[in-house]
Each structure stands twice: as C-alpha cells, then as structure tokens.
Trainee: 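My questions all concern the structure below.
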Amino acid sequence: MKTSAISSLAVSLALRNSTARLQGSLPGLQQEVVNGKHNDVGLALGAETRKLASFVADIDHTQRLIDTNEQVGTRLTATQESMTRMNNLADDLTNAVGIVMGHSGQNYAARQTAENVIAEMTSILNTQVNGVFVFSGLNADEKPMSDYETGGAKAAFDTAFQTYFGFGKNDAAAASITRAQIDDFMTTQVEPMFLGAGWNTNMSSATDEVMVSRISAEVTANTSVSANESSFRHLMLASVVATELYDSAMGAEAISGVSEYVISNAGTAAGSLTELQGQVGLVQERVERANEALISQKSLLETFASELESVDPYEKSIELNTLLTQIEVSYSVTARIQQLSLMNYL
C-alpha cells in the first residue's frame with residue numbers, strides 16, 4: 001500500500017484557486033442576465049459572429065440614410081413654405097398694379113409693393129436650414145442672392161436705360177417715350193438682365209445644378225431648388241420693372257405698357273411657382289415612402305441581430321444562481337480547511 005503526504009495548506013490553495021476561477025466568471029454572467037446579451041459575442045457565436053457584424057453594419061448604414069432623409073425632409077418643407085410665400089408675393093404685386101392702372105397719381109403704392117417684393121424675395125431665397133442655403137444649388141455654403149440696390153443689378157438697370165434712351169428715367173425727356181419704345185426696352189434690355197446671363201452676373205451666385213441625395217440604398221432624388229429657376233427670375237423682373245419705372249417721368253401710355261408687362265410676368269411667375277411646388281411635393285412623398293421602408297428594414301435587421309446576440313434569461317439566471325451557490329460552498333470549505341491544525345489533537 002502506497003501513501004503520499006498531503007497538507008491542509010495545499011488543499012486550501014487549490015480551493016482558493018478554484019474559487020478565484022468561479023469569481024472570474026461571475027461578472028460576465030451577471031452582465032448577461034442584466035443585458036440579455038452575450039458578454040463575449042465572439043466566444044459565444046464563433047463563426048456566426050460574421051453574420052452579426054454584417055447585420056450591425058447594415059443597421060448603421062440604414063440609420064444614416066434615415067438621418068439624411070430627415071434632414072432632406074426638413075429642407076424640402078422649408079422650400080415649400082418659401083415658395084408659398086413667394087407665390088403670395090406674386091399675387092400681392094399683381095393686385096397692387098391692377099389697382100393703380102389708369103391712376104398715375106397712385107403709382108407710388110404699386111412701387112412700394114414692388115420694393116417690398118424685391119426685399120422679401122431676396123431674404124427668402126437666402127433661407128438657411130441647418131447651416132445650408134436652401135436655394136444655392138451646389139453652392140450650399142454660399143448665400144445665393146445679392147442685394148438689388150448694392151449688388152450691381154440696379155446700376156446695370158440705370159445704365160441700360162441711359163444707354164438705350166440717351167437720358168435718365170427721371171429726365172423730362174422721358175415723358176416722350178412711347179409704348180413701343182418702352183416695350184422694346186424691356187424686351188431687349190431688361191429681360192437679359194434677369195432671364196439671361198445678367199442674372200448670374202448681378203444677382204445670383206447659385207448653381208443651376210441642385211443637390212442630389214441618396215434617399216434609399218439604390219434611389220437618389222433632386223432634393224433642393226436653385227434660385228436660378230425661371231419662376232424666381234420672372235417675379236424679380238416684374239418687381240424691378242415696377243420699382244424703377246413707376247418711379248420715372250414717363251407718360252401714361254408708356255406706364256400702361258409697364259403695368260401690363262409687370263402683371264404678365266408676375267402671372268408667369270405664379271404659374272411656374274405652383275408647378276415647381278408640385279415637383280417638390282412629389283420628391284417629398286418619395287422621401288417619406290423611402291423613410292418608411294428604411295425604418296421597417298432597420299427594425300427587421302435589429303430583430304435578426306438581437307436573435308443572434310440574445311441569451312435565454314431563465315437559463316442564465318439558473319447558471320448565475322448555481323455559480324453563486326458554488327462560490328458560497330467553496331468559501332465555506334476553504335474556511336473549514338484553514339481551521340484544521342494538528343495543535344487541535346495534541
């Protein structure tokens with residue numbers, strides 16, 4: 001029969017090491033019970049971890065698209081509201097001019113309305129949303145509209161009038177201007193300033209190209225409106241003509257031509273604005289539908305990811321209680337062994 005020596009110290013140390021291992025497992029198990037997820041996903045899932053990583057990446061990408069669409073939606077709403085205000089301005093100008101037609105002594109009222117339209121239009125087209133200029137096209141960080149008085153457009157108008165007629169608009173000779181002459185002046189000299197290249201030279205720094213946003217994984221849409229749209233140009237043209245030529249020495253015949261010209265361009269602007277609002281409305285609807293689909297997609301991906309990384313709370317609770325019981329037993333046995341001593345038997 002073979003015997004071997006064993007000491008209470010060796011047994012005590014072995015139990016202490018076992019207790020330490022049990023204690024090391026405790027925090028991770030407690031975390032799983034609280035969170036309902038694997039504490040070490042890689043260890044728990046093994047090769048399946050690739051699926052979870054793919055789901056998480058897809059969730060992040062989908063959330064970025066949702067966030068982008070929310071910003072786009074805010075910008076489109078601001079655009080719609082701005083165009084509604086400008087449509088109202090076009091109506092105000094048309095009504096003001098219609099009221100004073102044939103009453104040259106009240107031209108100042110229409111001129112004042114036109115001045116207000118210019119000021120409000122400039123302010124509206126310089127609208128910012130989250131630091132982005134809504135009507136700047138691709139130059140989203142640059143204010144699109146210059147001030148009419150100081151930006152060069154007014155000086156260009158005055159120069160064109162002086163050059164075409166050979167005298168200023170407030171000169172006494174302006175009373176001799178005929179209807180045909182003023183019509184030709186507005187068509188050949190003023191229109192190019194606003195409907196042609198002069199618009200970009202004197203008033204607008206916006207690009208014709210607008211912002212394009214990805215509203216879903218495979219779909220993009222034009223999500224802004226440029227200040228260079230013809231509707232804005234026509235309304236500004238009408239307002240400038242009314243502002244400048246109602247404040248002139250021209251006779252009733254020429255002023256009558258100015259009034260008809262202003263009403264015609266304001267009406268064109270209103271019609272174009274309504275059409276443009278319809279186009280923006282369609283984009284808004286597309287963005288909303290895309291966002292609804294993205295939210296549903298994200299929810300589904302989160303469900304898949306959750307199924308992979310989730311643990312059975314009942315099973316983990318049983319494991320935790322078992323582990324705590326083992327640790328308590330280990331503490332008890334270790335304490336009893338540490339109390340063993342030969343001195344007790346001497």
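Keep in mind the model is a prediction, meaning the values are calculated, not measured.
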Trainee: How close do Ala110 and Ala96 get, heavy atom to heavy atom, and via which atoms?
Mentor: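 Between these two residues, the closest heavy atoms are CB-O, 4.0 Å.
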Trainee: Distance-only, no hydrogens or angles: does the Ser299 side chain make a donor-acceptor pair with backbone N or O of Ile295 under 3.5 Å?
Mentor: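 No, Ser299 side chain to Ile295 backbone: no donor-acceptor pair under 3.5 Å.
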Trainee: Out of curiosity, Thr274 OG1 to Gln279 CD, how far, rounded to the nearest 0.5 Å?
Mentor: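 Output value for this atom pair is 11.5 Å.
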Trainee: What is the minimum heavy-atom distance between Val225 and Leu276, and which atoms define it?
Mentor: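 Heavy atoms only, the tightest pair is CG1-CD2, 3.7 Å.
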Trainee: Would you say Met211 ends up clustered with Val283 if hydrophobic residues are merged whenever their side chains have heavy atoms under 4.5 Å apart, either directly or through other cluster members?
Mentor: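 They do not share one cluster, since no chain of ILVMFWY contacts under 4.5 Å joins Val283 to Met211.
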Trainee: Taking the side chain as every heavy atom from C-beta outward, state whether Tyr148 and Met121 have any pair of such atoms under 4.5 Å apart.
Mentor: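 No, their side chains stay 4.5 Å or more apart.
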Trainee: When rounded to the nearest 0.5 angstrom, what distance separates CG in Asn202 from CE in Met193?
Mentor: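 The CE atom of Met193 is 8.0 Å from CG of Asn202, to the nearest 0.5 Å.
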Trainee: If you look only at distance, which donor and acceptor atoms sit under 3.5 Å apart when one is on a side chain in residues 230-240 and the other is two or more places apart or in another chain?
Mentor:
unit_1	atom_1	unit_2	atom_2	d
Arg233	NE	Asn228	O	2.9
Arg233	NH1	Phe194	O	3.4
Arg233	NH1	Leu195	O	3.2
Arg233	NH1	Gly196	O	3.2
His234	ND1	Asn265	OD1	2.8
Ser239	OG	Leu235	O	2.8

Trainee: Would you say Val212 and Val72 are hydrophobically clustered, going by side-chain heavy atoms of ILVMFWY under 4.5 Å?
Mentor: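 Different clusters: Val212 never reaches Val72 through Ile, Leu, Val, Met, Phe, Trp or Tyr contacts under 4.5 Å.
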Trainee: Could you tell me if the side chain of Tyr164 sits less than 4.5 Å from the side chain of Thr188, heavy atoms only?
Mentor: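 SC-SC contact between Thr188 and Tyr164 confirmed.
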Trainee: Transitively linked via ILVMFWY side-chain contacts under 4.5 Å: Leu65 with Ile215?
Mentor: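 In one cluster with Leu65: Ile215, no.
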Trainee: Start with the C-alpha distance between Tyr261 and Val97, add both sets of side-chain angles, then the distance that settles side chain to side chain contact (heavy atoms under 4.5 Å, CB included), and finish with yes or no.
Mentor: CA-CA 10 Å; Tyr261 185 84; Val97 172; over 6 Å; no
Trainee: If Ile, Leu, Val, Met, Phe, Trp and Tyr residues are connected whenever their side-chain heavy atoms lie under 4.5 Å apart, and connections chain through other members, are Val219 and Leu294 in the same group?
Mentor: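 Per the 4.5 Å side-chain linkage, Val219 and Leu294 are not co-clustered.
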Trainee: Which pair of non-hydrogen atoms, one from Val287 and one from Asn69, has the smallest distance, and what is that distance?
Mentor: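 Taking Val287 first and Asn69 second, the nearest heavy atoms are CG1-O, 3.8 Å.
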Trainee: Applying side-chain hydrogen bond (donor to acceptor under 3.5 Å, both in side chains), can you list everything that pairs with Arg289, at least two apart in sequence or on another chain?
Mentor: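 Partners of Arg289 by the side-chain hydrogen bond (donor to acceptor under 3.5 Å, both in side chains) criterion, ordered by chain and then number, come out as Glu285.
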Trainee: Are the side chains of Asn107 and Arg111 in touch, meaning some heavy atoms are under 4.5 Å apart?
Mentor: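 No, too far: nothing below the 4.5 Å cut-off.
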Trainee: Tell me whether Thr68 contacts the main-chain N or O of Arg64 through its side chain, where contact means a donor paired with an acceptor under 3.5 Å.
Mentor: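 Pair found, side chain donor or acceptor close to backbone of Arg64.
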Trainee: Rounded to the nearest 0.5 Å, what's the gap from CD1 on Ile182 to OG1 on Thr187? Could you check?
Mentor: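 Reported value, rounded in 0.5 Å steps: 10.0 Å.
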Trainee: Does the plane of the ring in Phe167 sit parallel, tilted or perpendicular to the ring in Phe161? Use 30° and 60° as the thresholds.
Mentor: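 Because their plane-to-plane angle is over 60°, the rings of Phe167 and Phe161 count as perpendicular.
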Trainee: Could you list the residues that satisfy side-chain hydrogen bond (donor to acceptor under 3.5 Å, both in side chains) with Lys298, not counting sequence neighbours?
Mentor: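 side-chain hydrogen bond (donor to acceptor under 3.5 Å, both in side chains) check on Lys298 returns Gln63.
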Trainee: Among Val117, Asp91, Leu273, exactly one meets side chain to side chain contact (heavy atoms under 4.5 Å, CB included) together with Met86. Which residue is that?
Mentor: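 The passing option is Leu273.
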Trainee: Could you pull out all residues at least two apart from Glu229 that satisfy side-chain hydrogen bond (donor to acceptor under 3.5 Å, both in side chains)?
Mentor: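 side-chain hydrogen bond (donor to acceptor under 3.5 Å, both in side chains) list for Glu229, sorted by chain: empty.
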Trainee: Measure the shortest side-chain to side-chain distance between Phe135 and Thr79 over non-hydrogen atoms and say whether it is less than 4.5 angstrom.
Mentor: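 They are in contact (side-chain heavy atoms under 4.5 Å apart), so the answer is yes.
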Trainee: Identify the heavy atoms of Ser213 and Arg75 that sit nearest to each other, and give their distance.
Mentor: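 What the structure gives for the nearest pair is OG-NH2, 3.5 Å.
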Trainee: Strictly by salt bridge (charged side-chain N to carboxylate O under 4.0 Å, His left out), give each pair with a member in residues 194-214 just once, sequence neighbours left out.
Mentor: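 Pairs touching residues 194-214 that pass the test: none.
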Trainee: Ignoring hydrogens and angles, state whether a donor on the side chain of Glu115 or Tyr246 is under 3.5 Å from an acceptor on the partner side chain.
Mentor: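 Not at all, the side chains of Glu115 and Tyr246 share no donor-acceptor pair under 3.5 Å.
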Trainee: What closest approach, in Å, do Gly267 and Thr94 show between heavy atoms, and which atom pair accounts for it?
Mentor: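 The pair with the smallest heavy-atom distance is N-OG1, 4.5 Å.
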Trainee: Between atom CH2 of Trp199 and atom OG1 of Thr201, what is the distance when rounded to the nearest 0.5 Å?
Mentor: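 Result: 12.0 Å between the selected atoms.
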Trainee: Please identify each residue that fulfils side chain to side chain contact (heavy atoms under 4.5 Å, CB included) with Glu142, with sequence neighbours left out.
Mentor: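 Expected list: Asn139, Ser205.
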Trainee: Transitively linked via ILVMFWY side-chain contacts under 4.5 Å: Leu301 with Ile66?
Mentor: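 Not linked; separate clusters.
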Trainee: With rounding to the nearest 0.5 Å, note down the distance linking CG in Asp67 to CG in Asn291.
Mentor: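 Rounded to the nearest 0.5 Å, the CG-CG separation comes out at 9.0 Å.
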Trainee: Is there side-chain contact between Ile255 and Ser248, with at least one heavy-atom pair below 4.5 Å?
Mentor: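 When only atoms from C-beta onward are counted, Ser248 and Ile255 do touch, with a gap below 4.5 Å.
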Trainee: What pairs with Gln80 under side chain to side chain contact (heavy atoms under 4.5 Å, CB included), at least two apart in sequence or on another chain?
Mentor: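 Partners of Gln80 under the side chain to side chain contact (heavy atoms under 4.5 Å, CB included) test: Met83, Gln277, Val280, Gln284.
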Trainee: Please table the atom pairs, donor to acceptor, closer than 3.5 Å between any side-chain atom in residues 126-133 and protein atoms at least two apart or in another chain.
Mentor:
unit_1	atom_1	unit_2	atom_2	d
Asn126	OD1	Met145	N	2.9
Asn126	ND2	Thr122	O	3.1
Asn126	ND2	Met145	O	3.3
Thr127	OG1	Ile124	O	2.5

Trainee: Check this for me: Gln189, atom CD, are more than 12 non-hydrogen atoms of other residues, nucleotides or ligands nearer than 6.0 Å?
Mentor: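 Enclosed: over 12 neighbouring heavy atoms sit under 6.0 Å from CD of Gln189.
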Trainee: For the residue pair Ala153 and Met203, what are the closest heavy atoms and their distance?
Mentor: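 Looks like CB-CG, 3.7 Å.
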Trainee: With salt bridge (charged side-chain N to carboxylate O under 4.0 Å, His left out) as the rule and sequence neighbours excluded, what pairs involving residues 168-188 come up?
Mentor: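 Only Lys169-Glu244, Arg179-Asp183, Arg179-Glu260 qualify under salt bridge (charged side-chain N to carboxylate O under 4.0 Å, His left out).
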Trainee: For Glu149, which residues count as a side chain to side chain contact (heavy atoms under 4.5 Å, CB included) partner, sequence neighbours excluded?
Mentor: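 Glu149: side chain to side chain contact (heavy atoms under 4.5 Å, CB included) contacts with Asp147, Lys154.
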Trainee: Atom CD1 of Ile99 and atom OG of Ser259: how far apart are they, to the nearest 0.5 Å?
Mentor: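 The OG atom of Ser259 is 12.0 Å from CD1 of Ile99, to the nearest 0.5 Å.
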Trainee: Starting from the C-alpha separation in whole Å, work towards a yes-or-no answer on side chain to side chain contact (heavy atoms under 4.5 Å, CB included) for Leu89 and Leu93.
Mentor: CA-CA 6 Å; Leu89 291 176; Leu93 182 60; over 6 Å; no
Trainee: For Val210, give me all partners under side chain to side chain contact (heavy atoms under 4.5 Å, CB included), at least two apart in sequence or on another chain.
Mentor: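 Per chain and number, Val210 pairs via side chain to side chain contact (heavy atoms under 4.5 Å, CB included) with Asn222, Ser224, Ser226.
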Trainee: Within the side chain of Ser176, is there an N or O that forms a donor-acceptor pair under 3.5 Å with the backbone of Ala173?
Mentor: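 Yes, Ser176 side chain to Ala173 backbone: donor-acceptor pair under 3.5 Å.
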Trainee: In chain order, what residues pass the side-chain hydrogen bond (donor to acceptor under 3.5 Å, both in side chains) check against Thr178, with sequence neighbours excluded?
Mentor: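 For Thr178, the residues satisfying side-chain hydrogen bond (donor to acceptor under 3.5 Å, both in side chains) (neighbours in sequence not counted) are Gln181.
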